[in-house]
Amino acid sequence: MLEIQDLSVKYDTIRVIHGVSMNIKKGELVSLIGANGAGKSTILKAISGLIKAETGSICFLGKEITKLPSHGIVSGGIVQVPEGRQIFTRMTIEENLKLGAYLQRNKKVIAQNFERAITLFPILKERLRQLAGTLSGGEQQMLAIGRALLSNPKLLLLDEPSMGLSPLMTQQVFDTLKILKQEGITMLLVEQNAYDALEISDRTYILETGSIVMEGKSSDLIEDANVKRAYLGGD
Amino acid sequence: ACGGGEKEPAEETINIGALYNLTGGQASLDQPSYNGFKLAADQINANGGINGKLINVVSYDGKTEQTTVANNTKKMIDVDKCVVVAGLSDSNYALAAGNICQEKGIPFITSGATLPTLPDQVGDFAFLAPFGDNVQAYAAADYAFDDLGLKKCYLLTDQSMEFTKTLAHFFEERYTANGGEIVLKDNYMNKDPDFSAQIDRFIANKGGAEIIFISGVPDDAGVVVKQLRDKGVTLPIISGDGFDTPLLIEIAGDAANDTYVGTHASLDNQDPLMQDFIAAYKEAYGVAPENAFAGLGYDTMYLIADALSRASDPADPAAIRDAIAATEGLKGVTGTVTYENGSHVPTKSVTINKVEDGKFVFMKEVFLK
Amino acid sequence: MRLRDSDLFKLIIFVLLPLAVIVLCGRNSSNYYAGLINLFGINIILVASLNLVNGFSGMFSMGHAAFMAIGAYASAMLTLSAEQKMIAMPGLPEWLISLNLPFPLALLLGGTLAAATALLIGFPVLRFKGHYLSVATIGLIVIVRAVLDNEDQLTNGARGVTGLPDYASTWVIFSTAILCLFILYRLIKSAYGRGLAAMRDDDTAAQTLGIHLTVKKISAFCISAFMAGVAGGLWGHMQSVISAKFFYIDTSFKIVETSIIGGMSSLSGAVVGSFLMTFLPEFLAPLENGATFFGVRLPELYGASNLIIAVLLILIIIFRRQGIMGYSEIILESIFSRRTYSSLLKKSEYINLCIIFKNKAVGLIHLPAEVTGRLSKKFGTDHNKREEIRK
Amino acid sequence: MPTSKERIWEVIEIEEFTYFFSQLVNGLKLGSVYAMVAIGYSMVYGILRLINFAHGDIMTVGVYTILVLSTAFGMPLWATVIISVIIAVCVGLTAERVAYRPLRTAGEETTLISSLAVSIFLQNLMVMIFSPQRKAFHLPDSLSYLHSFGTVKLSTMNIITFIAVFLILLILSYIIKNTRIGMAMRACSDNMNASRLMGINITTVIVTAFAIGSGLAALSGLMLAGEYKTIDPLMGFVPGLKAFCAAVLGGIGSLSGAVLGGFVLGIAEMLFAGLMPTEITPYRDAFVFILLIVVLLIRPNGILGTKDGGRS
Amino acid sequence: MPELLTVNGLEKNFKGLKAVNGFSAKLSENQIYGLIGTNGAGKTTVINMLSGVLKPSAGSVFFRGIEITGERPDKIAKLGILRTYQNLRLFKKVSVLQNVMIGAQIDKSYSNIEAILGMTRFRQEERKLEEKALNMLELMGIEDYAKERADSLPYGAQRKLEIARILAASPKLLLLDEPAAGLNPQESLELVQRLKKIREEFELAILLIEHDMKVVMSLCEYIYAMAAGQIIAEGEPKVIREDPKVIEAYLGRAKKDA
Ligand SMILES: Nc1ncnc2c1ncn2[C@@H]1O[C@H](COP(=O)(O)OP(=O)(O)OP(=O)(O)O)[C@@H](O)[C@H]1O
Ligand SMILES: Nc1ncnc2c1ncn2[C@@H]1O[C@H](COP(=O)(O)OP(=O)(O)OP(=O)(O)O)[C@@H](O)[C@H]1O
Ligand SMILES: [Mg+2]
Ligand SMILES: [Mg+2]
C-alpha cells in the first residue's frame with residue numbers, strides 16, 4: 001500500500017534521514033521505533049508532505065506522492081496524528097473534530113465517525129464547546145486522535161499517540177487501534193512505548209540515526225536480545 | 001541633469017542645482033515647480049545660454065525626506081559644483097537646504113516657500129523668489145475688509161503646517177488691525193478627509209461671519225469648499241496661494257463660485273509673457289501648468305539667469321549673490337521681482353482672482369506698501 | 001583555515017578599512033560624503049537600539065522616531081543660544097532659556113528625557129503584546145508629533161527649530177555609535193541579554209526561571225529610547241534644522257525596515273542594514289535623473305530608485321528571512337574582541353593570511369599535507385571540545 | 001410659566017443636543033468609511049497575522065482604475081467598479097504570490113517588511129504613472145445627491161456605505177462561521193501546519209482571503225474617494241494605518257471587531273473635533289491614539305478579541 | 001521535621017469548571033513525590049499554581065514557612081521552586097548552552113555596569129555560569145548538543161534540556177511535568193537513574209507528574225493520586241498501587257507492569 005524507497009530528508013543543511021526504504025501492506029499495522037532523534041517523526045512528516053524529500057520516492061496505492069502538496073496527500077487517504085498534537089487551540093473541540101472531517105462530504109459517515117470518537121473519549125463530549133487550547137495535555141492528545149478518526153483514513157500515521165495519556169487511557173487507545181485494524185485500516189505507528197507497540201503490530205522497523213537497522217515480524221523482535229536491551233528497558 | 005559620465009567640457013556650462021521633492025508628500029507642489037524650472041532653463045539654452053555658457057540643471061529627488069534633501073544639497077555643491085541652488089516649496093525643507101548653502105557660501109533661492117523670515121534665519125545667501133506670507137495674507141485681509149467690505153470673518157486653519165499657520169497669523173493680524181473681527185477660529189489637519197465637524201461648529205456658532213478665510217493647501221482646497229457649500233454655507237471664501245489650484249474648481253464645481261484667491265499670477269492674465277509660458281509648458285509636458293508653483297519655478301530660473309548675466313564673475317558664488325540681491329524690476333509670470341532695501345524677500349504684487357462660473361477671473365492686483 | 005576565519009583579515013575588513021574611510025571622508029563634516037557617512041553612523045545607533053527591543057527582547061516597537069524627536073528637541077533646547085531660544089521657544093522657563101550646555105551633556109539629557117518618556121509610557125504600553133504594542137507605539141509618534149506641532153511656545157510649532165549649531169561632526173557621531181554598539185554588545189552578551197532572549201522566546205518560561213518581565217521590558221525599552229534620543233540629538237545637530245514632520249511614521253518605518261533587513265537579532269545586522277539603506281538609495285539616484293550611460297541618455301524617471309529598493313527589499317527578505325546577518329555577530333565580534341587586535345602583533349597571523357591569499361591566487365592548489373598539518377598544529381586549530389563550545 | 005430667559009436656555013439645550021447629534025452623524029459617516037476599509041484589511045490580517053500595509057495602496061489602485069475608466073472611456077460607474085475590483089484582486093493576488101507566499105513560514109516581522117515594500121512599490125508606480133498631482137474624483141449625481149434628515153444631510157453614497165458595511169460584515173461572518181472555506185480560514189489562522197494535515201489547501205484559503213480583501217479594498221476606495229472627492233497616489237497610506245488600528249482596537253481576527261473599531265475611531269475623531277474647544281482640537285489624532293491605548297489597557301485583546309488559547 | 005512545602009486546600013476555577021478542587025499536601029526536604037491522575041485531573045494546574053503561573057482561586061501555599069500563594073513566578077523561582085512544562089517551553093532561538101545559562105543566572109551577582117565595562121567579576125562569573133551550565137548538560141547527557149539551537153533537538157533531548165535548565169537554577173524543589181513523556185523505556189530508565197543521582201547530589205525535593213508507572217513506582221517515595229480535581233488517594237507506592245479507586249480510575253490493567 002505504501003512504498004518508501006531510498007528516502008533522504010534534510011533540515012536546512014543537515015541530513016537526518018539517510019536512504020530509508022520501507023513498505024506497508026494493506027491492512028497491516030506496522031510500527032516504527034527508535035531512540036530520540038532517530039528521525040521517526042521526520043519520516044512521518046515526509047510521508048504527509050510537510051517536509052519535502054531530498055531524494056527517493058514515496059508511493060501510495062501505486063501512485064507516486066513524493067511531490068504532492070500535503071492536502072493532496074491527505075485527500076488520498078493518508079492521515080496523521082502528529083507529534084505535539086497540533087490541535088487548533090483557538091477553536092472549540094467540536095470545530096476541531098469537524099476539521100478532521102474536512103475532506104469528508106458524506107454526512108452519514110461523518111456522524112458515524114463522530115460518534116465513535118466521542119464514545120472513545122467521553123471527556124470530549126462533555127466539553128464540545130470548550131476552546132481546545134485550554135484542555136489538559138492528555139485531553140489534547142485524545143482530541144488529536146479523535147480528530148484523525150473523523151477523517152476516515154486509509155492509512156493512519158500515528159506519532160506517539162500514547163504520549164501524555166494515563167495508563168488506563170493508553171490501553172483504551174491501543175484497544176481502539178486494534179479495532180481499527182480489524183476494520184481494515186492500515187496503520188504506521190511510531191511509539192516510545194516500544195513494548196506495547198511491538199505487542200500490537202504485525203511488523204516493526206527499527207530506526208537508528210536516520211537509517212533502518214532492523215526490520216521483522218514484531219513477535220520475533222520482541223524476543224530479540226538486542227532489541228530488548230536497547231528499546232524495551234533491560235533484561 | 002548629471003550623475004555619471006557627463007560629457008560636456010566644464011567651462012561651457014554653468015551647473016545650477018534644482019532641489020525638489022519629486023516623490024513623496026511634497027511632490028504635488030514640487031514637481032510642477034521643477035518642470036517650470038527646467039522649461040526656463042531649456043528656453044535659455046535654446047537662446048544661446050548666458051553669455052555663451054549653457055545652463056546645466058542638476059537635480060536629485062529629495063523624496064520628501066529631510067536627510068535626503070540635505071544630502072542632495074551637499075552633493076550638488078560638493079560633487080556637481082553648482083554655483084546656485086534653487087527649489088523647494090516647503091519652508092522646513094527650504095530651511096534645511098538653505099542652511100547648508102549658507103555654510104558653504106552658495107546662493108540659495110527658494111522657488112516656492114513663502115516664509116518671510118527665511119532669509120533672516122538662514123543668512124545672506126538665501127533668497128525668496130515669491131512674496132512672503134505676510135504680503136499675501138495682508139493683501140487678502142485688505143481685499144476682504146476694504147474692497148469687499150466684509151468686517152466679520154471665520155478663520156479656518158490647517159494646523160499641521162508652518163505655512164498655513166503663518167498665513168493665518170498674518171491674516172488675523174492685518175484684518176483685526178483694519179478693524180475687522182474674527183468671530184471664530186477653527187482648525188483641521190492636512191488631508192483630513194472630513195470637515196463636517198468644523199463646519200457644523202461654525203454653523204452652530206452664529207457669530208454673524210460675513211466671509212471665511214481658509215488657510216490651507218491645494219490638497220484640501222476643493223474638499224473643504226465643497227463640504228462648506230454642501231452644508232449650506234454660502235458666504236464668500238478667501239484664501240492664499242494654497243487655493244490657487246485647478247482642483248478647487250474641478251472638485252467643488254459650481255460650489256467653488258464666490259471664492260477669492262490671493263496668489264502669484266493669474267492664468268487668464270492676457271500678458272503675452274504668461275500666455276507664452278502656458279503654451280510652452282503645455283508643449284513640454286502635455287498639461288497646463290498644474291498650479292502657481294510651476295510659474296514660480298519658471299521665474300526662479302530666469303531670476304538666476306538674470307543675475308548670472310550681470311554678475312561680475314559668474315563662477316563666484318558671492319558675486320552671484322550680490323547680483324541676485326541687486327535684481328530690480330525683473331518681470332516674470334508671477335509678478336515683478338525687486339529686492340529692495342537689502343531685503344531678500346522680493347516686493348511683489350499679489351493677484352486676487354475670483355472663481356466665477358468655474359473659472360478663475362482676475363479681480364485686482366494689490367500692491368502693498 | 002578559511003579566509004573569513006583569519007583574525008587579521010577580519011581586523012582589516014571590519015576595523016581598519018572602515019576606519020580609514022571614516023577618517024578620509026570625515027575630515028570636513030559638511031562635505032557630501034561626510035554627510036552620508038554621518039547618516040550611516042546615526043542610523044547604526046537608531047537601528048541597533050531598536051534591535052534591543054524588537055530583536056533581542058521580542059517586543060515590536062514602531063515608535064522609535066518619537067524618541068528621536070524628543071532627544072532632538074530636548075538637546076536643541078540646551079545648545080541653542082539664548083537669543084535663538086527667545087525667538088523660537090519663548091515659552092521656556094527663564095532658567096532654561098539662559099541655560100547653555102556643552103553638547104555631550106545636552107545629548108545625554110536629550111537621551112534621558114527620551115528614556116523618561118519611555119519609562120512613563122512603558123508601564124501601561126509594554127503590557128501589550130505583538131501588534132497591540134506596535135499600534136500603541138505608532139500612537140506614541142502621533143502624540144509626540146501633535147505636541148511638537150501645537151506647543152508653539154515651546155517648540156516653535158510646525159515651523160520647527162533652525163540654527164542648531166553643527167556640533168555633530170563625524171568624530172562625535174562615530175564615537176557615539178561605537179560606544180552605543182559596544183554597550184549594547186556587552187549587554188547582549190551578558191546575563192541581561194540572555195534574559196531578554198529568554199523573554200523573547202518564551203515569556204512564561206522566562207518568568208519561572210526567575211526573570212522579572214516588567215523590569216526587563218521596561219529597562220530594554222528605556223535603554224533603547226535613550227539611545228534613540230541621543231541619535232535624535234545628533235541628527236538635529238547634524239542637519240541643524242528640526243521639525244516634527246521629520247520624526248514621523250515614515251521615519252520610524254524606515255528604521256524598522258533597516259532593522260529587519262540587517263537582521264533584528266543581531267547588532268552586526270544593524271551595521272550592515274544601515275550601510276545598505278544609507279548608501280543604496282544614493283547609489284541608485286543616478287538612475288533616475290536622466291544620466292548618460294555609454295552615450296545613451298536615459299529619461300528622467302523619478303521614483304525608479306524607490307521601486308528598485310522595494311524589489312530588493314523583498315528579494316533580500318525572501319532569500320534571507322532572518323535578515324542579512326540573521327542571529328550572528330561576526331562583525332562586532334571582530335571589532336570588540338581582544339583577539340582581533342592581538343592578531344596585529346602575531347607574526348603567525350600574517351603567515352596564515354599570506355598562505356590563504358596564495359592559495360586563493362594559485363587557485364585550488366593544496367599545500368602539501370605536512371605543511372598544513374604543521375600549520376594547524378602550530379596555530380592551534382585543535383581546540384579541545386569545551387573551548388570549541390565556548391567560542 | 002417659564003420666563004423668557006429660561007426659554008432661551010431651553011432652546012440652547014435643544015440646539016446643543018442637535019449639535020451633538022449632527023456631530024455624531026458625522027462620526028458615523030467617517031466611521032463607516034473606516035469600517036469599510038478595516039473589514040477588508042481584517043480579512044487578510046485575521047488569517048495570516050500579516051499587517052498588510054499594501055492594503056491601502058491596493059485601494060488606491062482600485063480608485064485610479066475607476067477614474068481612468070470613467071474619464072478616458074466614459075464607462076458607467078457600475079462597470080468601472082466591477083473592473084476595478086477585478087484589477088485590485090489581481091494586484092492583491094500578484095502581491096501575495098510574489099511577496100508573501102515565499103515568506104509564509106517566516107515571522108510576522110518579516111512579512112511586515114515585505115508588505116511595506118509592496119506598498120512603496122505600488123505608491124511609486126502610481127506616482128510614475130499618474131503623476132503625484134491630486135485629481136478630482138466625482139461620483140455620479142445620483143450617488144452624491146444630498147438627502148436632508150432634519151438638520152443632518154447625508155449623500156446617497158453615505159447611506160450606501162453605511163448599509164454596505166453591515167451587509168458585508170453579515171455575509172463575511174456567515175461565510176467564516178458556516179462554510180467550509182470559512183472553517184478552513186479559521187483553521188489556517190489558528191495553526192497552518194495542522195490545517196495542512198487536515199487536507200486543507202492552505203494556498204487556496206490564503207488566496208481566497210487575499211482576493212476578498214483586495215476586492216473590498218477597491219470598494220472601500222470608491223467610498224473613501226467618493227467622500228473625499230479627491231484622490232492621489234499616496235491616499236491609501238493613512239486609511240490603511242487607520243484600518244490597522246481599527247482591527248487591533250476591535251480585536252485581531254474579529255471582523256465585527258474591525259467594524260466596531262472603525263466606527264469607534266471615526267466617532268471619536270469627529271466628536272473630539274466637534275465638541276472640544278478649538279485650542280485643543282489639533283490634538284485630535286493624538287486623542288484617538290490615547291483613546292486606543294486606554295481601551296487596550298482595559299481590554300488588552302481589543303474590544304471583541306478573545307485571549308489566545310495557549311496555556312502552560 | 002520542618003516542611004519544605006505546605007499546600008492547603010488549593011483550588012482553581014476556570015469559568016465554572018473546577019479544575020482543582022481542594023489540593024493539600026506536605027512535602028519534606030530531599031524526598032521524591034509523585035503526582036498521578038487521570039487526564040484532566042488537574043495535575044498541571046496544581047503545578048501552575050505552585051510555580052505562580054496561575055493564581056489560585058482559593059487555598060494557600062507555604063514554602064519553608066513563607067507564604068507564596070499567588071506570588072509572582074520569578075519570585076517563587078528565586079526561592080528555589082522550579083518547574084518544567086508538559087508542552088515544552090524552551091528558548092527556541094538560542095543555543096542549548098545558553099538555555100541552561102539562562103537558568104544558571106538566577107543568582108548571578110554582577111551588575112550590568114560591570115558587564116558593560118567587562119570587569120573581572122563579570123568575566124569570572126560568566127565563566128562560572130558556563131561551567132555550571134556545561135555540567136548540567138553533562139548530567140543530563142546532552143552535552144553534545146550544546147551549540148545547537150534548542151528547537152532543532154529531538155523531542156527527548158528537549159525534555160532533558162528542560163530539566164538541565166532548571167537544575168542550573170539552584171533549585172530546592174523541582175516540579176517536573178511528565179519528564180518521561182516521549183522517552184522510550186530504556187531512556188525512561190536512564191532518566192530515573194539520573195533523577196536519583198540528582199536528588200543525592202543537590203539534596204532537593206522533587207514533585208513529579210508522570211503517567212509512566214515504571215518511572216513513578218521506582219522513583220517516588222510518596223504518591224498523590226488525583227481525579228477530577230481532587231486527591232483520591234495518597235501514600236507510599238505500594239499502597240497506591242493496590243488502591244481500588246486508583247486502579248479503577250487510572251491504572252486499569254497497567255497495574256501489572258508496575
Ligand atoms: N526543524 C528542525 N531543524 C533542524 N533539525 C531538526 C528539526 N527537526 C528535527 N531535527 C533533527 O532531526 C533529527 C530527527 O528528528 P525527529 O524529530 O524526526 O526524531 P524522532 O525520531 O521523532 O525523535 P523523538 O523520539 O524524540 O520524537 C534530530 O536529530 C533533530 O535534531
Ligand atoms: N485555561 C483554562 N481554561 C479552561 N479550562 C482549563 C484551563 N486550563 C485547564 N483547564 C481544564 O482544567 C482541567 C485540568 O487540567 P490539567 O492540565 O491540570 O490536567 P492534568 O491533570 O495535567 O492532565 P494531563 O495528564 O492530561 O496533562 C482540564 O479539564 C482542563 O480542560
Ligand atoms: Mg518524534
Ligand atoms: Mg498535565
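To find a chain, count down the sequence lines: A is the first, B the second, and so on, and within it residues start at 1.
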> Under 4.0 Å between a Lys/Arg side-chain N and an Asp/Glu carboxylate O for Lys165(B) and Asp149(C)?
Replying inline: no
>> Please determine whether the number of non-hydrogen atoms from other residues, nucleotides or ligands lying under 6.0 Å from atom CZ of Phe103(C) exceeds 12.
In response: yes
> OH of Tyr302(C) to CG of Asn21(B): how many Å apart, nearest 0.5 Å?
Replying inline: 12.0 Å
> Does a sphere of radius 6.0 Å around CZ in Phe283(C) hold more than 12 heavy atoms from other residues, nucleotides or ligands, not counting ones at 6.0 Å or beyond?
Replying inline: no
>> Looking at Lys38(B), I'd like to know if its NZ atom is crowded, meaning that more than 12 non-hydrogen atoms belonging to other residues, nucleotides or ligands lie closer than 6.0 Å.
In response: yes
> If you count heavy-atom pairs under 4.5 Å with chain C, which of Thr67(B), Leu115(B), Thr166(B), Thr73(B) comes out on top?
Replying inline: Thr67(B)
>> Checking an interface table here. Which of residues 65-81 of chain C come within a heavy-atom distance under 4.5 Å of chain B?
In response: none
> What part of Leu36(C) gets closer than 4.5 Å to chain B, counting heavy atoms only: side chain, backbone, both or neither?
Replying inline: both
> So, for Ser160(B) and Ala158(C), which heavy atoms are closest and what is the spacing to 0.1 Å?
Replying inline: O-CB, 3.9 Å
> Given a strict heavy-atom distance threshold of 4.5 Å, which part of Asn187(B) is in contact with chain C: side chain, backbone, both, or neither?
Replying inline: neither
> Of all of Leu22(B), Asp61(B), Thr23(B), Asn92(B), which one pairs up most often with chain C through heavy atoms under 4.5 Å apart?
Replying inline: Asn92(B)
> So, Lys245(C) and Asp90(B), do they make that salt bridge, N to O below 4.0 Å?
Replying inline: yes
>> Could you measure the distance from the CZ atom of Arg159(C) to the CD atom of Gln121(B)? Nearest 0.5 Å is fine.
In response: 9.0 Å
> For Tyr34(B), is it the side chain, the backbone, both, or neither that has a heavy atom closer than 4.5 Å to a heavy atom of chain C?
Replying inline: side chain
> Around atom OH of Tyr33(C), are there more than 12 heavy atoms of other residues, nucleotides or ligands at under 6.0 Å?
Replying inline: no
> Lys63(B) versus Ser305(C): any side-chain heavy-atom pair under 4.5 Å?
Replying inline: yes
>> Between Gln239(C) and Asn99(B), is there a side-chain heavy-atom distance shorter than 4.5 Å?
In response: no
> Tell me, side chain or backbone of Glu282(C) under 4.5 Å from chain B's heavy atoms, or both, or neither?
Replying inline: both
> chain C heavy atoms under 4.5 Å from Met76(B): which part of the residue, side chain, backbone, both or neither?
Replying inline: neither
> Atom OG in Ser240(C), atom CG in Leu95(B): separation rounded to 0.5 Å?
Replying inline: 9.0 Å
> Which bit of Ser91(B) comes within less than 4.5 Å of chain C, counting heavy atoms only: side chain, backbone, both or neither?
Replying inline: neither
> Is atom NZ of Lys104(B) surrounded by more than 12 heavy atoms (other residues, nucleotides or ligands) closer than 6.0 Å?
Replying inline: yes
> When heavy-atom pairs shorter than 4.5 Å are enumerated against chain C, which of Gly98(B), Gly123(B), Ala96(B) gives the highest number?
Replying inline: Ala96(B)
>> So for Asp152(C), is it side chain, backbone, both, or neither that comes closer than 4.5 Å to the heavy atoms of chain B?
In response: side chain
> Nearest 0.5 Å, what's the CG-CG distance between Asn71(B) and Asn38(C)?
Replying inline: 9.0 Å
>> Between Gln66(B) and Trp235(C), does the side chain to side chain contact (heavy atoms under 4.5 Å, CB included) criterion hold? Intermediate values first, please.
In response: CA-CA 11 Å; Gln66(B) 150 87 355; Trp235(C) 192 91; 3.0 Å; yes
> Hey, what do you get for CD1 (Ile77(B)) to CG (Asn31(C)), rounding to the nearest 0.5 Å?
Replying inline: 10.5 Å
>> As an exercise, state the distance from CZ of Phe246(C) to CD of Glu65(B), rounded to the nearest 0.5 Å.
In response: 11.0 Å
